[in-house]
Enquirer: 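Before I ask anything, let me first share the structure, which is written out below as structure tokens.
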Amino acid sequence: MARYNPKETEPKWRKAWADAEAFKAVREPGKPKYYVLEMFPYPSGRLHMGHVRNYSMGDVIARFKRARGFSVLHPMGWDAFGLPAENAAIERGVDPKEWTYANIDRMRAELKELGLSIDWSREFATCDVGYYGKQQAWFLDLLERGLVYRKESVVNWDPVDQTVLANEQVVDGRGWRSGAVVEKRKLNQWAMRITDYADQLTDDLATLDRWPDKVRVMQENWIGRSKGLKFRFHFAGEGPAEGLDVYTTRPDTLFGASFVGVAPDHPLAQMAAARDPKAAAFIEECRRGAATEAEIETAEKRGYDTGLRVKHPFDPDWELPVWIANFILMDYGTGAIFACPAHDQRDLDFVRKYGLPVKPVVLPPGEDAATFQVGDEAYTGPGVIYNSRFLDGLDIEAAKAEAIARIEALGDGEGATVFRLRDWGVSRQRAWGCPIPVVHCEKDGVVPLPKSALPVAHPADIEFGKSGNALERHPTWKHTTCPACGGPATRETDTLDTFVDSSWYFARFANPWADEPISQEDADYWLPVDQYIGGIEHAVLHLLYARFVTKALADDGQLSVREPFAGLFTQGMVTHETYRRQNGEWVEPKDVEIAAEGKTRRATLIETGEPVVIGDIEKMAKSKRNTVAPEEIFEVYGVDAARLFVLSDSPAERDVQWTTGGVQGAWRFVNRVWDEFDGHVPAPAAAEPDAEIRRATHKLIRQVTESIDGFRFNSGIARLYEFLNLLKANPAKDTTPAIAAARAEALSAFARLIAPFTPHLAEECWGRIGGEGLVVAAPWPEFDPALTEDAVKVLPVQVNGKRRGEITAPAGAEQAAVEAILKADPDISAKLEGLTIRKIIVVKDRIVNIVAA
RNA sequence: GCCGCCGUAGCUCAGUGGUAGAGCGCAUCCUUGGUAAGGCUGAGGUCGGCAGUUCAAUCCUGCCCGGCGGCACCA
């Protein structure tokens, strides 16, 4: 018997699959289709373990569905525009394009080595002119539809990356890539009207029943739809004639109003500042103190009374003061509020500081109107409205409806829906991105290019290597003629956010050769993506943008689906222990030797023998040096062992901890499997298969099938481990014809069941037992449901909830039959000596409990 | 503060309303022509805590403790 040699077998089978074009996606109208997609990688240059896990999961699904008779699309591409290439250009003087394509070449080779069942003929990179030129085409379509527009606005400016960021790319006031504190700048920017779809994007989340709840909740929160009332206060005395618009979600508490507040940036605040130096000073102070969002959130509430007064909408004689308050945001609602401190914590904190009145108008259940008071905590729970004239006695929802109706009747406002979501700013002041296909003409202004002028490609001699936008600096590229007047014009030098690139790539995969951006015929067949797999970090970025673009393109008649991803799975990360020398320097796992001493572990640096501190388990990252290079693992253990390990050791949605012992365990399994197949002896003809092994085989098929369907790869693999132990206990040699016959069926099923996880090993095993053709082309094994149940069940017998013995009964035995067996059992009878049986509870095929006294 | 996930063997994790499992690690032994290896056997768990529902709870419910993640002056 020879040891399994992955270095020889694995490349052999990859070649066989390629020669057979085993993974070519073909539209077959008679067959059900299945589109499996993993979030495409950024070509950073090297494959890491996270990629191995992500793409192995997708590969399990793709191979499984193919074996189950689906026509499968499983493509791969590259999210290839973006800053790292430009940063490499600045740091190392390389050309971003060359750098990117060289990285793609290397990573493609590594991905191919993983043995993924991908249709490589469909591969593209977003930096291919053939891709981004099509993107420019639909960009122009959306521009024409008014879904893309240009506006001067205050934007998030990342001073390190020298570009604008979308709101979604600002985390805790810092750039998501650079970590730099984001500044506010006023710029002319391209934006997409994602807010037009805010309602749909919220409502349609309910249809995504194969998405994790967590992601749906995150998107819902991000879009932040709230329903309420927009209405107008009229000024008492001086003040703008048009009044002051406010937004509230609590119109039911209008009679608890204490003051009216505006944001420091609000026009009314500006007006006050113009004639009141103290107001101006207060506004200035607010601006200074609020550099980051984190600071705004924790800042103490402060305000300034403008001296202006407004009339209460339901009582012209009731006047409310107008304050400027630092906690009011200009870009939400109308930038102005009415404050009801008794039922809003922020308002309460504010009025407690400035001595304004607090009047409760919602009476909590069980409280007495005469004695109920609000202390330091606002009451936001349910109750009955009081102190509120015509709203008295109503519950909160009824009072909201009544207040809105009254305001509408007065003509002072209407019910309104407000979103937290802002339009998507897509301009980036960087060269290594998709050029925006418009020109600026002195005479005609902003002019879209005709489609015949596409693609707008990068110049070949672009000079990177300095900060700022290289397209802007290029001596000739931007100078062109205006398609409208023929006069001189300059090209737009902003490029599109790379999230635009990734917002439609899944649709392009349906037919990457098509002249139009999306081939309707092919997209109608393949879309939506049946199973999308990727990290949770894109919950409100990529996944929201892709949903929006899908809807926008559907409305433009370019797509038939309104949701891109029918199923979403967010997989966990690959983690590893961290190691540090005494001086605090991080050390790579491969330089560390771990020795077990009893139950504790001790780490030393291999080179010097010095002790190393074992630190926390963290996501594999270069900064902590706790990475393990996939290619080194492939070299030692083979690809299959690596795939098996990252899938086997944790549930797919949770993090998996990479350990040497773990991958060695997977490697041992690979060898044990091969050993079992290598020792295979053909069964004598016509022998009746051993019933126990047969049942175990059919149970296994059922369990593995259900595990893959449910994304429980780890438990499916656990069942395979257990089954192998059973086979080892019934070895091929020196055995009965019955066992040999059962083993033949078992091995045939086993080879096909391991194929999604360890595809190379499966081929080798399949060949060894004389399987027909390639295992990738073999149908998934079927199980006989009758064989997955035992014919005879061992039922534990409890007396008063404690286990006192067991009986053997036929499967499905009912109460009467079981009671008969109980009576005939001398052991049980002995246990019941002197007791009166009150009740016998029989749970079919599970257990018997006798209640006795 | 709000929402979600997690807590089972030394470690990493499966699992189940009814006798508690895997891999690694640990111990013993075997093999020494699968040998920078292979195999047998074994020890090890009040299933985070308390209460409830139930004939029966590690599993369901509630509360608490601990860890992780997301959201958070959004009117």
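Lettering follows sequence order; numbering is per chain, from 1.
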Enquirer: For the pair A/T578 (side chain) and A/K624 (backbone), establish whether a donor and an acceptor sit closer than 3.5 Å, ignoring hydrogens and angles.
Expert: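 Looks like no, no N/O pair under 3.5 Å.
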
Enquirer: Report the distance from atom CH2 of A/W674 to atom C1' of B/G34, rounded to the nearest whole Å.
Expert: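 In whole Å, B/G34 C1' and A/W674 CH2 are 14 Å from each other.
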
Enquirer: Atom CG of A/N221 and atom P of B/G69: how far apart are they, to the nearest Å?
Expert: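 Computing the A/N221:CG to B/G69:P distance gives 18 Å.
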
Enquirer: Answer yes or no for A/K301 and A/F327: cation-pi contact, defined as NZ/CZ to six-membered ring centre under 6.0 Å and angle to ring axis within 45°.
Expert: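 A/K301 over A/F327 ring: yes.
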
Enquirer: Rounding to an integer number of Å, can you tell me how far A/E220 CD sits from B/C74 C1'?
Expert: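 The distance from CD of A/E220 to C1' of B/C74 comes to 15 Å, rounded to the nearest Å.
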
Enquirer: Rounded off to whole Å, could you give me the CD-to-C1' distance for the A/E653 and B/C6 pair?
Expert: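 Distance check: A/E653 CD to B/C6 C1' gives 11 Å.
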
Enquirer: Go through the structure and list residues passing salt bridge (Lys or Arg N to Asp or Glu O under 4.0 Å) with A/R53, not counting sequence neighbours.
Expert: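 Residues passing salt bridge (Lys or Arg N to Asp or Glu O under 4.0 Å) with A/R53: none at all.
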
Enquirer: Please state how far atom CG in A/L727 lies from atom P in B/G39, giving the value in whole angstrom units.
Expert: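 In whole Å, B/G39 P and A/L727 CG are 15 Å from each other.
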
Enquirer: According to side-chain hydrogen bond (donor to acceptor under 3.5 Å, both in side chains), who are the partners of A/D412, at least two apart in sequence or on a separate chain?
Expert: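 Residues passing side-chain hydrogen bond (donor to acceptor under 3.5 Å, both in side chains) with A/D412: A/H234.
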
Enquirer: Between A/K214 and A/M330, which residue's closest nucleotide on RNA chain B lies nearer the 5′ terminus?
Expert: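 So the residue in question is A/K214.
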
Enquirer: Show the distances under 3.5 angstrom between N or O atoms of the protein and N or O atoms of nucleotides 20-24 of chain B.
Expert:
residue	atom	partner	partner atom	Å
B/C24	OP1	A/R668	NE	3.2
B/C24	OP1	A/R668	NH2	3.4

Enquirer: Distance check, C1' atoms only: B/U12 and B/U41, in whole angstrom units.
Expert: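 Straight-line distance between the two C1' atoms is 24 Å.
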
Enquirer: For A/E676 and B/G39, give me the distance from atom CD to atom P, rounded to whole Å.
Expert: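 From A/E676 CD to B/G39 P: 11 Å.
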
Enquirer: What integer distance in Å separates A/L543:CG from B/G70:P?
Expert: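 Between P of B/G70 and CG of A/L543: 16 Å.
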
Enquirer: Test of understanding: with ring-ring contact (aromatic ring centres under 6.0 Å, His included), list the residues that count as partners of A/Y721, not counting sequence neighbours.
Expert: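 For A/Y721, the residues satisfying ring-ring contact (aromatic ring centres under 6.0 Å, His included) (neighbours in sequence not counted) are A/F669.
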
Enquirer: I want to verify the glycosidic state of B/G38; is it syn or anti under the 90° rule?
Expert: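 Nucleotide B/G38 adopts anti.
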
Enquirer: Could you pull out all residues at least two apart from A/T705 that satisfy side-chain hydrogen bond (donor to acceptor under 3.5 Å, both in side chains)?
Expert: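 Testing A/T705 for side-chain hydrogen bond (donor to acceptor under 3.5 Å, both in side chains), a comparison that skips the adjacent residues, returns A/W780.
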
Enquirer: Mind checking what makes salt bridge (Lys or Arg N to Asp or Glu O under 4.0 Å) contact with A/E607, not counting sequence neighbours?
Expert: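 Partners of A/E607 under the salt bridge (Lys or Arg N to Asp or Glu O under 4.0 Å) test: none.
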
Enquirer: Looking at residues at least two apart in the chain, or sitting in another chain, which of them share a salt bridge (Lys or Arg N to Asp or Glu O under 4.0 Å) with A/E220?
Expert: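 A/E220: no salt bridge (Lys or Arg N to Asp or Glu O under 4.0 Å) contacts found.
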
Enquirer: Calculate the interatomic distance between A/D678 atom CG and B/G38 atom P; express it in whole Å.
Expert: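 Result: 16 Å.
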
Enquirer: When rounded to the nearest Å, what value does the distance between P atoms of B/A27 and B/C63 take?
Expert: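 Going atom to atom, P in each nucleotide, I get 46 Å.
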
Enquirer: Name all residues meeting the side-chain hydrogen bond (donor to acceptor under 3.5 Å, both in side chains) criterion together with A/K227; count only those two or more places apart in sequence or in a different chain, and write none if there are none.
Expert: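 Per chain and number, A/K227 pairs via side-chain hydrogen bond (donor to acceptor under 3.5 Å, both in side chains) with no residue.
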
Enquirer: Counting Watson-Crick and G-U wobble pairs with both distances under 3.5 Å, what is the dot-bracket string for RNA chain B, 5' to 3', using [ ] for crossing pairs and | for pairs to another strand?
Expert: (((((((..((((....[..)))).((.((.......)).)).....(((((..]....))))))))))))....

Enquirer: Rounding to an integer number of angstrom, what distance separates B/A22 and B/G1 when you compare their C1' atoms?
Expert: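 Going atom to atom, C1' in each nucleotide, I get 41 Å.
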
